[in-house]
J.: 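To start, I am sharing the structure in question, which I have written as structure tokens.
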Amino acid sequence: MNELFDDFAKAYAMQNGYVLAQTLSPVPPPDDPHRLRGIWQSSNSHSAKSDIRHFIKTQTSYRRGLEHDEINGWVEVYVVYWKAVGEILAGENGKSSWTRVYESWRDLTSMLIRGYNNHGFEAWTIPTLYMVGKYLRLFAIKSDDERSRTNADPSGGAAIMQDDFDPEAEKQAQLRDCEQHLKRIFTLCLNDRAPLEESRKWGIYFVINLLFKTYFKLNSASLSRTILKTLAVYNDKGDMPPLESFPKAQRVTFKYYEGVLFFLEENYVQAEKHLVEAWRLCHKGGKANLERILTYLIPCRLLTSHVLPTKSLLEPYPRLQQLFLPLAQCIRRGELRTFDVALQEREDELVKRRIYLTLERGRDIALRNLLRKVFIAGGFDEPKEPNTAPVRRTRVPVAEFRAAICMGSGGELVDPDEVECLLANMIYKDLMKGYVARERGIVVLSKKGAFPGTGV
């Protein structure tokens with residue numbers, strides 16, 4: 001334990017919360033792979049508390065003195081941490097479970113929160129909340145996975161013998177429990193009344209991002225709106241540091257999830273705005289993060305500005321290229337039947353990424369492009385006066401549009417009434433400007449901007 005509390009004392013001397021957080025890591029550092037085992041073997045259940053108190057007092061006495069109450073708080077935290085390390089090591093040897101690891105880490109989380117409420121832990125130490133909160137979520141997921149496998153085993157699960165056993169209720173029980181503890185950290189940071197320069201509010205976006213990830217994992221993304229509404233109240237009062245003052249990584253994650261929330265609410269304009277902000281912040285960041293942003297940004301641009309992804313844009317992202325490029329090519333060419341087939345082939349992956357219903361609307365853009373080709377192929381009307389600029393033919397027979405739609409549908413005959421309905425829908429959705437003159441069997445298109453956003 002000597003090295004552990006030497007790092008603790010150094011962190012306190014420098015007031016470096018990130019160094020302090022590493023002393024509560026459940027993962028040993030790369031240069032000391034046996035550190036957790038050394039911590040566990042350096043004491044026992046009878047003397048752990050007195051040993052930890054001795055180490056904290058000894059290591060900090062010549063660097064920076066701690067208040068008695070603060071020492072008591074950290075002693076309690078590290079005693080629980082020592083127990084959690086024991087469960088982690090026991091799990092590695094097959095003598096414990098992820099559920100017990102999660103429960104021990106949950107105790108550590110509660111004890112750390114108590115330290116801020118009752119023992120005066122200072123705001124610079126909030127990275128310790130990042131550490132315990134991050135792993136609380138990961139251990140909860142592992143515990144739920146473990147419990148699901150056990151309950152699904154008909155040979156060994158005692159729970160399945162119970163008449164009242166509900167596997168769905170138990171499926172993500174630990175992650176739901178974890179969410180409650182993350183909300184406690186959120187409240188702890190949000191309600192700090194200290195001046196902003198020394199406030200726990202500087203931990204708020206990290207915790208919000210953890211809550212976003214948790215809600216999305218629970219398929220309860222809408223609960224994120226409650227967090228955002230609460231945050232907005234504090235921002236409106238000027239009682240929160242501006243987002244621009246937080247680390248870039250936290251801003252990227254926050255903007256990404258904010259954009260995805262708007263995406264799921266079908267507010268594609270706002271979704272694109274936030275996702276573009278995340279992209280700009282993360283442009284030189286990790287490839288995986290850029291891929292996640294593009295997964296939602298591409299459908300947004302498809303529906304708002306009708307910008308189709310190109311092969312050059314997607315080349316660095318082979319998975320996205322395989323997912324989007326065939327669809328984009330069908331949309332660009334107006335190939336309705338081929339688009340339907342490509343969409344069906346990718347249905348499982350698109351549903352998994354929560355973008356299937358949005359990309360399904362790409363068929364309207366494909367139809368728009370097909371109708372636009374008919375409009376352009378119609379050429380220009382004969383000029384009524386010499387030396388006047390040519391004007392495109394704006395009265396297009398429905399039969400011409402029908403022929404194109406039948407071809408785009410793979411040769412399948414489409415009823416004229418259905419064609420008129422499709423044309424009316426395109427006009428209603430503002431993908432085409434004009435009106436259908438049924439009695440004359442023509443579509444009268446606008447002389448300017450017949451197909452908005454396409455240059456004709």
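All values reported here derive from a predicted model rather than from experimental measurement.
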J.: More than 12 non-hydrogen atoms from neighbouring residues, nucleotides or ligands closer than 6.0 Å to CD on Glu3, yes or no?
T.: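 No.
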J.: Taking the ring centre of each residue, are Phe262 and Tyr268 less than 6.0 Å apart?
T.: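 Centroid distance Phe262-Tyr268: not below 6.0 Å, so no.
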J.: Is any side-chain heavy atom of Phe246 less than 4.5 Å from a side-chain heavy atom of Phe254?
T.: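 A side-chain contact under 4.5 Å is absent here.
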J.: Applying side-chain hydrogen bond (donor to acceptor under 3.5 Å, both in side chains), which residue pairs with at least one partner in residues 333-351 are found, sequence neighbours left out?
T.: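 Only Asp340-Arg363, Glu349-Arg353 qualify under side-chain hydrogen bond (donor to acceptor under 3.5 Å, both in side chains).
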J.: Does Arg301 make a cation-pi contact with Phe324 (under 6.0 Å, within 45 degrees of the axis)?
T.: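 No - Arg301 does not lie over the ring of Phe324 by the 6.0 Å and 45° rule.
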J.: Stepwise, does the side chain to side chain contact (heavy atoms under 4.5 Å, CB included) test hold for Met426 with Leu371?
T.: CA-CA 10 Å; Met426 296 299 286; Leu371 300 178; 4.1 Å; yes
J.: Just wondering, do Asn191 and Tyr234 contact through their side chains at under 4.5 Å, heavy atoms?
T.: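 Yes. Closest side-chain heavy atoms under 4.5 Å.
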J.: Does a donor on one side chain sit under 3.5 Å from an acceptor on the other, for Arg354 and Asn219?
T.: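 There is such a pair (donor and acceptor under 3.5 Å, judged by atom type) between the side chains of Arg354 and Asn219.
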J.: Examine distances only and state if a side-chain atom of Glu146 and a backbone atom of Thr99 form a donor-acceptor pair shorter than 3.5 Å.
T.: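 It does hold such a pair.
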J.: Show the nearest heavy-atom pair for residues Val207 and Cys189, with the distance to one decimal.
T.: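 Looks like CG2-SG, 4.4 Å.
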J.: Would a 4.5 Å heavy-atom cut-off, applied to side chains only, mark Tyr215 and Leu210 as touching?
T.: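 No - every pair of side-chain heavy atoms lies 4.5 Å or more apart.
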J.: Any sub-3.5 Å donor-acceptor pair from Lys248's side-chain atoms to Cys282's backbone N or O?
T.: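 Flag not set: sc Lys248 to bb Cys282 has no pair under 3.5 Å.
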J.: Between Glu265 and Arg225, is there a side-chain N and carboxylate O pair less than 4.0 Å apart?
T.: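 The answer is yes: the pair qualifies as a salt bridge.
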J.: Give, for atom CD1 of Ile204 and atom CG of Leu129, the distance between the pair rounded to the nearest 0.5 Å.
T.: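 Going from the CD1 atom of Ile204 to the CG atom of Leu129 covers 10.5 Å.
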J.: Does the side chain to side chain contact (heavy atoms under 4.5 Å, CB included) test come out yes or no for Val132 and Thr128, once each step is laid out?
T.: CA-CA 6 Å; Val132 298; Thr128 58; 5.7 Å; no
J.: Please name the pair of heavy atoms, one in Ser42 and one in Met1, separated by the smallest distance, quoted to 0.1 Å.
T.: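 Where Ser42 meets Met1 most closely, the heavy atoms are OG-CG, 3.0 Å.
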J.: Can you name the closest pair of heavy atoms from Ala221 and Leu264 and give their distance?
T.: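 Of all heavy-atom pairs spanning Ala221 and Leu264, the closest is CB-CD1, 4.0 Å.
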J.: Above 12 or not: heavy atoms from other molecules or residues under 6.0 Å from CZ of Arg319?
T.: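 It does not: Arg319 CZ has 12 such atoms or fewer within range.
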J.: Within 45 degrees of the ring normal and closer than 6.0 Å to the centroid, is that where the cationic atom of Lys142 sits relative to Phe139?
T.: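 Relative to the ring axis of Phe139, which defines the angle, Lys142 lies outside at least one limit.
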J.: Quick one about Arg292 and Asn289 (side-chain donor to acceptor, distance below 3.5 Å, no hydrogens or angles considered), yes or no?
T.: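 On atom types as modelled, these side chains qualify, holding a pair under 3.5 Å.
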J.: Say whether, by atom type as modelled, one donor and one acceptor occur between the side chain of Ser220 and the main chain of Leu218 under 3.5 angstrom.
T.: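 The answer is yes, because a donor-acceptor pair under 3.5 Å joins these two groups.
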J.: Is it true that Ser312 and Thr310 share a donor-acceptor pair across their side chains at a distance under 3.5 Å?
T.: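 Checked: Thr310/Ser312 side chains pair up, N/O donor to acceptor below 3.5 Å.
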J.: OG of Ser224 to CG of Leu228: how many Å apart, nearest 0.5 Å?
T.: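 That separation rounds to 6.5 Å.
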J.: For Pro309 versus Leu314, what's the shortest heavy-atom pair and its separation?
T.: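 Looking at all heavy atoms of both residues, the closest pair is CB-CD1, 3.9 Å.
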J.: Taking atom types as modelled, find out whether Trp105 and Tyr81 have a side-chain donor-acceptor pair closer than 3.5 angstrom.
T.: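 Short answer, no.
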J.: Out of the candidates Glu244, Glu277, Glu272, only one should pair with Lys255 under the salt bridge (charged side-chain N to carboxylate O under 4.0 Å, His left out) rule; please name it.
T.: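 Of Glu244, Glu277, Glu272, salt bridge (charged side-chain N to carboxylate O under 4.0 Å, His left out) with Lys255 is met by Glu277 alone.
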J.: For Trp40 and Glu87, indicate whether the former's side chain and the latter's backbone hold a donor-acceptor pair under 3.5 Å.
T.: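 Such a contact is absent between Trp40 side chain and Glu87 backbone.
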J.: Nearest 0.5 Å please: distance from the CZ atom of Arg114 over to the CG atom of Leu112.
T.: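 Arg114 atom CZ to Leu112 atom CG measures 11.0 Å (nearest 0.5 Å).
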J.: Any side-chain to backbone donor/acceptor pair from Tyr102 onto Leu175? Under 3.5 Å, distance only.
T.: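 A pair under 3.5 Å: no.
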J.: Using the ring-ring contact (aromatic ring centres under 6.0 Å, His included) rule, pick out the option among Tyr257, Phe216, Tyr296 that qualifies with Phe263.
T.: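 Only one of Tyr257, Phe216, Tyr296 forms a ring-ring contact (aromatic ring centres under 6.0 Å, His included) with Phe263, namely Tyr296.
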J.: Would you give the length of the straight line joining atom CG of Asp144 to atom CD of Gln174, rounded to the nearest 0.5 angstrom?
T.: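 Here the interatomic distance stands at 5.5 Å.
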J.: Begin with the C-alpha distance, continue with both residues' side-chain angles, and end with the deciding distance and a verdict on side chain to side chain contact (heavy atoms under 4.5 Å, CB included) for Glu266 and Arg361.
T.: CA-CA 12 Å; Glu266 300 183 5; Arg361 299 177 185 182; 3.0 Å; yes
J.: Compute the centroid of each ring, for Phe55 and then for Tyr78, and state whether the two points are separated by less than 6.0 Å.
T.: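 For Phe55 and Tyr78, the ring centres are not under 6.0 Å apart.
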J.: With rounding to the nearest 0.5 Å, note down the distance linking OG1 in Thr454 to CD1 in Ile365.
T.: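 One gets 11.0 Å once the value is rounded to the nearest 0.5 Å.
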J.: Does a side-chain heavy-atom distance below 4.5 Å link Cys300 with Leu275?
T.: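 Side chain of Cys300 against side chain of Leu275, heavy atoms only: contact under 4.5 Å found.
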J.: Checking Asn93 side chain against Lys95 main chain: does a donor-acceptor pair fall under 3.5 Å?
T.: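 Side chain of Asn93 to backbone of Lys95, a donor-acceptor pair under 3.5 Å: no, none is there.
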J.: Taking only Lys NZ, Arg NE, NH1 and NH2, and the carboxylate oxygens of Asp or Glu, determine whether Arg368 and Asp364 approach each other closer than 4.0 Å.
T.: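 Result for this pair is no, no salt bridge flagged.
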J.: Heavy-atom count check: over 12 atoms from other residues, nucleotides or ligands less than 6.0 Å from Lys237 NZ?
T.: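 Yes - once you tally the heavy atoms of other residues, nucleotides and ligands closer than 6.0 Å, there are more than 12.
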J.: Nearest 0.5 Å please: distance from the NE2 atom of His119 over to the CG atom of Asn117.
T.: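 If we round to the nearest 0.5 Å, His119:NE2 and Asn117:CG are 9.5 Å apart.
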J.: Between Ser110 and Asp107 (side chain of the first, backbone of the second, donor and acceptor by atom type, cut-off under 3.5 Å), is there such a pair?
T.: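 Flag not set: sc Ser110 to bb Asp107 has no pair under 3.5 Å.
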J.: Flag the pair Ile126 / Phe121 as yes when at least one side-chain heavy-atom distance between them is below 4.5 Å, and no otherwise.
T.: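 Counting from C-beta outward, Ile126 and Phe121 never come under 4.5 Å.
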J.: Taking atom types as modelled, is there a side-chain donor on Arg37 or His34 under 3.5 Å from an acceptor on the other?
T.: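 Side-chain D/A pair, Arg37 to His34: absent.
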J.: Asp145 and Arg149: salt bridge (Lys or Arg N to Asp or Glu O under 4.0 Å), yes or no, with the steps?
T.: CA-CA 6 Å; Asp145 289 344; Arg149 290 194 301 271; 5.3 Å; no
J.: Answer yes or no: is there a side-chain heavy-atom contact under 4.5 Å between Met131 and Pro26?
T.: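 Of all side-chain heavy-atom pairs linking Pro26 with Met131, at least one is under 4.5 Å.
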J.: Looking at Leu196 and Lys201, what are the two nearest heavy atoms and their distance?
T.: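 Residues Leu196 and Lys201, closest heavy atoms: CD2-CD, 3.9 Å.
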J.: Ignoring hydrogens and geometry, is there a side-chain-to-backbone donor-acceptor pair from Ser199 to Pro195 under 3.5 Å?
T.: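 No; judged by distance alone, with no hydrogens or angles, the pair does not exist.
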J.: Does either side chain, that of Gln59 or that of Asn2, offer a donor lying less than 3.5 Å from an acceptor on the other one?
T.: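 A donor-acceptor contact under 3.5 Å links the two side chains.
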J.: Does Thr230 use its side chain to pair, donor to acceptor, with the backbone of Thr226 at less than 3.5 Å?
T.: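 The answer is yes, because a donor-acceptor pair under 3.5 Å joins these two groups.
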J.: Can you find a pair of side-chain heavy atoms, one from Arg35 and one from Leu4, that are under 4.5 Å apart?
T.: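 In short, these two side chains touch, coming nearer than 4.5 Å.
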J.: Is there a side chain to side chain contact (heavy atoms under 4.5 Å, CB included) between Val27 and Tyr135? Walk through the geometry before answering.
T.: CA-CA 10 Å; Val27 179; Tyr135 283 99; 3.5 Å; yes
J.: Going through the distances and angles, do Tyr12 and Trp124 end up as a ring-ring contact (aromatic ring centres under 6.0 Å, His included)?
T.: CA-CA 9 Å; Tyr12 250 85; Trp124 64 265; 4.8 Å; yes
J.: Could you pull out the closest heavy-atom pair between Phe339 and Glu360, with the gap in Å?
T.: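 For Phe339 versus Glu360, the nearest heavy atoms are CE2-O, 4.2 Å.
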J.: Between Ile355 and Ile298, is any pair of side-chain heavy atoms under 4.5 Å apart?
T.: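 No, too far: nothing below the 4.5 Å cut-off.
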J.: Indicate yes or no for a side-chain donor-acceptor contact from Thr253 to the backbone of Gln250 under 3.5 Å, with no hydrogens or angles considered.
T.: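 It does not hold such a pair.
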